[in-house]
Amino acid sequence: MPQTLISSEELQQRIRELAAEIDRDYRNCENLICVGVLKGSVFFMVDLLKQLEIPLAVDFFQTSSYGSATEPGEVRIRKDLDLAVRGKHVLLIEDIVDTGFTLRTILDLLKFRGASSVKLCALLDKPSRRQIEVPIDYRGFAIEDKFVIGYGLDYDERYRNLPYIGVLEG
Ligand code: 5GP
């Protein structure tokens, strides 16, 4: 069994705090698109968005996954957005920022496409692993350099449905 790093209660409490901050910051915004990065961010995104009261649209990116043959720094877009972002405010929602390459690529792409603003909300941050700078506007938890699973995060497609963040032993 995985060891619990962040319990379900801690996750939900922190998500309520993040939602209150986001609601406050975007209260006058009429054209917000919340963009999730598949698949890992889905559990976090659903819980977060259910807490928000501001009007918003939802869309998804899918990038090449962790452990693929892709070189670090080369991020493939597997599924692109359905919505146009030009002139829209985008809140990117990600499960974890590790080296930063995935987010850097997506943030640059969204800006290139003419989004009015792009902010990042990440549940987990592994600052010691960062190789490229990525500003995190809303951060759930900073964690040590450990491979975590659960609450959307997988190991070989398993464990995504755990309601907590855990660490695999061994
Ligand atoms: P980055 O491009 O920042 O290095 O990597 C981001 C992606 O790597 C995340 O969206 C996630 O899919 C994967 N990743 C990074 N660290 C972990 C981890 O500790 N556990 C799992 N399951 N995936 C991770």
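What you see is a predicted model, and the numbers here were worked out from it, not measured in a lab. When a ligand or atom number is given, it counts from 1 through the structure's own listing order.
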Which is it for Leu103 and ligand 1 at heavy atoms under 4.0 Å: side chain, backbone, both or neither?
-> neither
Contact partition for Lys126 relative to ligand 1, non-hydrogen atoms under 4.0 Å | side chain
Taking Lys126 for the side chain and Lys146 for the main chain, is one N or O donor matched with an acceptor at less than 3.5 Å?
-> yes
Would you find a donor on one side and an acceptor on the other, under 3.5 Å apart, between the side chain of Asp145 and the backbone of Ser128?
-> no
[X] neighbourhood, listing ligand 1 atoms whose heavy-atom distance to it stays under 4.0 Å:
X      : result
Glu94  : 10 (O)
Lys146 : 19 (O)
Thr102 : 1 (P), 2 (O), 5 (O), 6 (C)
Asp95  : 9 (C), 10 (O)

Measure the distances from the heavy atoms of Gly100 to every atom of ligand 1 and state whether one is below 4.0 angstrom.
-> yes
Would you say Val148 touches ligand 1, if touching means a heavy atom closer than 4.0 Å?
-> yes
N/O of Leu153 under 3.5 Å from N/O of ligand 1, yes or no?
-> no
Can you tell me if Gln13 and Glu17 form a side-chain donor-acceptor pair at under 3.5 Å?
-> yes
Would you kindly say whether Tyr151 and Asn161 are connected by a side-chain donor-acceptor distance under 3.5 Å?
-> no
Specify whether Phe147 and Tyr155 have parallel, tilted or perpendicular ring planes, treating 30° as the upper limit for parallel and 60° as the lower limit for perpendicular.
-> perpendicular
With sequence neighbours left out, what residues match Asp80 under side chain to side chain donor-acceptor pair (under 3.5 Å)?
-> Arg113
Would you call Arg104 and Asp108 a salt bridge, taking side-chain N to carboxylate O under 4.0 Å as the test?
-> yes
side-chain contact (heavy atoms from CB on, under 4.5 Å) filter on Lys39, not counting sequence neighbours, yields Gln62, Glu157, Arg160
Of Val97, Asp154, Ile165, the residue with the heavy atom nearest atom 22 (N) of ligand 1 is Asp154
Give the single entry among Phe147, Tyr151, Tyr155 that approaches atom 18 (C) of ligand 1 most closely by any heavy atom.
-> Phe147
